[in-house]
There are 2 protein chains.
Amino acid sequence: MHNCTTHSDCIAEALQRAEDICDARGLRFTDVRRKVLELVWQSHGPIKAYDILDQLDQRIASIKPPTVYRALDFLTENGLVHKINSLNAFVGCGHPLKHRECYFLICSDCGEAKECCNLDIVDAVAKTSWRNQFEIKNVTLEITGECSDCRGVH
Amino acid sequence: MHNCTTHSDCIAEALQRAEDICDARGLRFTDVRRKVLELVWQSHGPIKAYDILDQLDQRIASIKPPTVYRALDFLTENGLVHKINSLNAFVGCGHPLKHRECYFLICSDCGEAKECCNLDIVDAVAKTSWRNQFEIKNVTLEITGECSDCRGVH
DNA sequence: AACGTAAATGTTATATTATAACATAACCAT
DNA sequence: ATGGTTATGTTATAATATAACATTTACGTT
Ligand SMILES: [Zn+2]
Ligand SMILES: [Zn+2]
Ligand SMILES: [Zn+2]
Ligand SMILES: [Zn+2]
């Protein structure tokens, strides 16, 4: 499902990126936020808030829903994590500094959510918003279907 | 927020369209389904499942959540209603026969969700899926922001 | 009409997702 | 150290959605 060479490195890099971004912006990358982000990356795919909660519970007793949701809010607001509304799940952003209007290819078979960027889509969305005199705050584009792996395409 | 000339006509037309579509497809447009669709159109914007439930309760006692969700599932599966995942709400489809890949311009101020179609977007989405050898089942595109009315644009 | 079946709805209970409200603790600038 | 701000702890509950099984309804076949 994921093809990073060494997943522990992949997690470590994401955490380091997050720390650097928070430092640069004067934000506090607290222990709770770090642990939540770590679990998001550990899953290497969309993960649900209560699954994060369960996994935290095994390490730290007394973690409650508001704590997890607050951390996810922080991470989402700062572009380190994206919420996938059609799944009620959260996924780490692979390029938090470059992220503009990306979209997800979500495989309903294996569960992978691949984040992609595409200028044609960004352009088309921008143009159509402009034509409607609509001021964009946020764009959610979730494409559900079957990925090449699950289709057996080579 | 909505600019149909006579809203009762607008609702009646939507119900008639739905009935015709169900007839043509051999589907049963039952009383529950009709009433749910009527309430969706009455709101003339995204409405939540439990708000539908509350309004039905005033007319018919003993309507319970599963009844509403089943009706919404039926209406959604048959393209008469769309779910807006970022709002956990449902909205009537304005063109259930022509509907392909549409998107919503959702005003976070007045709550309007305008359904639009745009071939450039459809194309760009199709192309990028093709490049990823991804087989599309469903596309969700929700653009949140501020509409022209709320921005005071003329 | 009576029967059999499938689809729809009723009903009870519960699962899942998310937030309100207030108390305490940690952090940081002065 | 003091006071203000931000983050977390804590308790409770709100909001969204489904599982499981019982009953009713629709409808074609006999
Ligand atoms: Zn991203
Ligand atoms: Zn897959
Ligand atoms: Zn539509
Ligand atoms: Zn508006």
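Residue numbers start from 1 in every chain, and the chains themselves are labelled A, B, ... in the order their sequence lines are given, proteins ahead of strands.
There is a path of hydrophobic side-chain contacts, each under 4.5 Å, that joins A:Ile11 to A:Ile52.
A straight line from CZ of B:Phe74 to C1' of C:dT9 spans 14 Å, rounded to a whole angstrom. With rounding to whole Å, B:Leu72 atom CG is found 14 Å from D:dT18 atom C1'. One interatomic measurement links the two molecules: NZ of B:Lys64 to P of C:dA13, which rounds to 11 Å at whole-angstrom precision. Atoms CG (B:Leu53) and P (D:dT18) sit 14 Å apart, rounded to a whole Å. Atom CG of A:Leu56 and atom P of D:dG9 are 10 Å apart (whole Å). The CG atom of A:Asp54 sits 12 Å away from the C1' atom of C:dT16 (whole-angstrom rounding). The CG-P distance, from A:Asp23 to C:dC28, rounds to 11 Å in whole Å.
For B:Lys48 and D:dT16, the shortest distance from a side-chain N or O to OP1 or OP2 is below 4.0 Å. Under 4.0 angstrom from either OP1 or OP2 of D:dA17 there lies at least one side-chain N or O belonging to B:Asn88. The side chain of A:Lys83 contributes an N or O atom lying less than 4.0 Å from OP1 or OP2 of C:dA18. In this model, the phosphate group of D:dG9 is approached by a side-chain N or O of A:Thr67 to a distance below 4.0 Å at OP1 or OP2.
The residue among A:Ile63 and B:Phe90 whose nearest nucleotide of DNA chain D is located toward the 5' end is A:Ile63. For B:Ser62 and A:Ala49, each mapped to the nucleotide of DNA chain C holding its nearest heavy atom, the one lying further toward the 5' end belongs to B:Ser62.
A distance of 9.0 Å separates CG of A:Asp73 from NZ of A:Lys83, quoted to the nearest 0.5 Å. In this structure, CD1 on B:Ile84 lies 8.5 Å from CD on B:Glu115, to the nearest 0.5 angstrom. Taken from OG1 in A:Thr140 to CD in A:Glu101, the straight-line distance is 10.0 Å, to the nearest 0.5 Å. With values rounded to the nearest 0.5 angstrom, A:Ser148 atom OG is found 11.5 Å from B:Glu135 atom CD. Of the inter-residue distances, the one linking A:Leu105 atom CG with A:Leu141 atom CG reads 8.5 Å to the nearest 0.5 angstrom.
Between the A:Glu142 side chain and the A:Asn85 main chain, a donor and an acceptor come within less than 3.5 Å of each other. Using a distance-only test at 3.5 Å, with no hydrogens or angles considered, no donor-acceptor pair links the side chain of A:Arg151 to the main chain of A:Glu146. Formation of a donor-acceptor pair under 3.5 Å by the B:Thr128 side chain with backbone atoms of B:Ala124 is not found in this model.
Classified by interplanar angle (parallel below 30°, tilted 30° to 60°, perpendicular above 60°), the ring pair B:His99/B:His95 is tilted.
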Below 3.5 Å is the cut-off: list the nitrogen or oxygen pairs between protein and nucleotides 19-25 of chain C, distance only.
| unit_1 | atom_1 | unit_2 | atom_2 | d |
| --- | --- | --- | --- | --- |
| C:dA21 | N6 | A:Arg70 | NH2 | 3.3 |

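Of all heavy-atom pairs spanning B:Phe90 and B:Val40, the tightest one is O-CG1, 4.3 Å.
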Could you go through the side-chain hydrogen bond (donor to acceptor under 3.5 Å, both in side chains) check for B:Asp51 and B:Gln55 one step at a time? CA-CA 6 Å; B:Asp51 291 337; B:Gln55 294 187 243; over 6 Å; no
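In this structure, the helix from C:dA1-D:dT30 to C:dT30-D:dA1 shows an angle of 30° between the axis at its start and the axis at its end, each fitted on 5 base pairs and rounded to 10°.
For the segment residues 27-37 of chain A, the set of residues with a heavy atom within less than 4.0 Å of an atom of DNA chain D comprises A:Arg28, A:Thr30, A:Val32, A:Arg33, in numerical order.
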